[in-house]
Amino acid sequence: FTNQATQVNAWDSILLKNGEKIVELNKAVEKVKTDQSAMEKELEFIAAQHTELEESIIPLEQELSKMPQQI
Amino acid sequence: FTNQATQVNAWDSILLKNGEKIVELNKAVEKVKTDQSAMEKELEFIAAQHTELEESIIPLEQELSKMPQQI
Amino acid sequence: ELKTRLSCQENETANQVAYLAMLEKEICDLKQRHINTTAKVMEHRRKFSELSHRILRIIVKQESTRKVGLALTIDEET
């Protein structure tokens with residue numbers, strides 16, 4: 001009986017430790033998720049900037065393509 | 001008694017597996033974190049390059065806006 | 001009393017197993033998101049180099065056009 005009690009105590013301590021580790025792991029995963037979302041937003045921003053930049057390049061290209069014919 | 005011993009063994013093995021799983025998942029999270037840091041640096045680099053490029057077209061736009069008056 | 005504790009432990013273990021499975025799935029999702037992000041970054045790099053190239057062409061063309069323009073002005077003056 002004592003042996004069984006010891007066993008149950010040992011399990012208790014393992015479960016408790018694992019539980020703590022899981023809580024920590026969960027926090028880490030949540031942090032990574034938040035960071036990932038932030039990066040995805042940043043990427044969307046970069047994509048928008050690229051589109052904007054391209055849109056401002058197009059008229060420059062058009063203007064310049066006319067030039068040699070004017071001279 | 002044999003049955004109980006089997007039970008104890010099974011129990012032990014579940015706890016052991018959980019412990020291993022925690023270690024494995026911790027490693028996986030660490031890997032994701034490392035990958036994320038690298039990606040963050042890359043995003044910063046892209047953003048800096050982008051600013052540079054954006055600045056390089058400003059004089060072009062100014063010059064071209066003057067052109068029609070010259071001709 | 002031992003029996004109660006044992007059944008408590010059994011419950012807790014089942015919870016932990018379930019929670020770990022959930023975390024494993026979340027990590028798996030995160031890996032996939034990271035792969036997608038990496039692909040997008042590659043696309044941005046490609047797009048960036050294309051835009052740089054186009055801007056460079058504009059600069060070169062504008063530079064030569066400007067010189068031609070200047071030469072003409074001097075020509076007209078004399």
Side-chain angles (χ1 to χ4, degrees), chain A residues 1 3-71, chain B residues 1 3-71:
Chain A
F1 177 78
N3 192 33
Q4 212 186 1
T6 315
Q7 182 73 65
V8 170
N9 280 339
W11 281 337
D12 254 353
S13 117
I14 292 173
L15 277 170
L16 204 69
K17 259 192 201 159
N18 279 357
E20 280 165 10
K21 282 179 193 162
I22 290 173
V23 169
E24 250 169 64
L25 191 62
N26 189 44
K27 272 186 202 157
V29 169
E30 283 307 315
K31 169 91 171 67
V32 171
K33 264 160 81 179
T34 314
D35 290 350
Q36 178 68 32
S37 299
M39 280 203 294
E40 279 161 14
K41 275 210 183 103
E42 197 159 335
L43 272 174
E44 272 171 38
F45 180 69
I46 290 174
Q49 275 189 319
H50 274 164
T51 310
E52 211 178 285
L53 195 59
E54 191 166 29
E55 275 165 9
S56 58
I57 290 176
I58 291 168
L60 293 176
E61 284 173 334
Q62 286 172 342
E63 194 108 4
L64 276 172
S65 73
K66 287 184 235 148
M67 293 243 159
Q69 287 139 27
Q70 286 176 348
I71 296 159
Chain B
F1 177 76
N3 190 36
Q4 210 185 8
T6 316
Q7 184 74 47
V8 167
N9 281 339
W11 193 248
D12 261 344
S13 121
I14 292 174
L15 287 181
L16 199 71
K17 259 195 196 158
N18 267 2
E20 280 166 6
K21 195 89 199 166
I22 291 171
V23 171
E24 182 200 314
L25 292 183
N26 257 324
K27 272 187 198 156
V29 169
E30 282 307 313
K31 171 84 171 70
V32 174
K33 269 158 84 175
T34 312
D35 290 349
Q36 239 178 16
S37 302
M39 179 76 71
E40 259 158 37
K41 281 203 183 110
E42 182 127 9
L43 286 182
E44 271 170 39
F45 180 68
I46 292 179
Q49 272 190 321
H50 193 93
T51 310
E52 219 174 277
L53 203 59
E54 216 159 47
E55 279 165 6
S56 76
I57 69 161
I58 293 170
L60 296 176
E61 281 173 333
Q62 286 172 341
E63 191 123 358
L64 272 174
S65 72
K66 281 185 238 149
M67 289 237 162
Q69 288 144 21
Q70 287 177 346
I71 297 161

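Chain letters run A, B, ... following the sequence lines, proteins first, then strands; residues in each count from 1.
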Fill in: Criterion side chain to side chain contact (heavy atoms under 4.5 Å, CB included) on B:Val29 and B:Lys33, from CA distance to verdict
CA-CA 6 Å; B:Val29 169; B:Lys33 269 158 84 175; 4.0 Å; yes
Practice prompt. Apply side chain to side chain contact (heavy atoms under 4.5 Å, CB included) to B:Glu40 and A:Asp35, showing your working.
Written response: CA-CA 9 Å; B:Glu40 259 158 37; A:Asp35 290 350; 4.2 Å; yes
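A:Glu55 has its side chain within reach of A:Thr51: a pair of non-hydrogen atoms, C-beta onward, lies under 4.5 Å apart. Side-chain contact check for A:Lys21 versus B:Val23: every heavy-atom pair is 4.5 Å or farther apart.
In terms of non-hydrogen atom pairs under 4.5 Å with chain A, the most contact-rich of B:Leu43, B:Leu25, B:Ile57 is B:Leu43. The choice from A:Leu15, A:Asn18, A:Ile22 that makes the most heavy-atom pairs within less than 4.5 Å of chain B is A:Asn18. In terms of heavy-atom pairs under 4.5 Å with chain A, the best-connected choice from B:Glu61, B:His50, B:Met39 is B:His50.
Between A:Trp11 and B:Trp11, the ring planes lie perpendicular to each other; the angle is over 60°, past the 30° to 60° tilted range.
Of the atoms belonging to A:Ile14, it is side-chain heavy atoms, and not backbone ones, that fall under 4.5 Å from chain B. With a 4.5 angstrom heavy-atom cutoff, A:Glu42 touches chain B only via side-chain atoms. Using a 4.5 Å cut-off between heavy atoms, A:Gln36 contacts chain B through both its backbone and its side chain.
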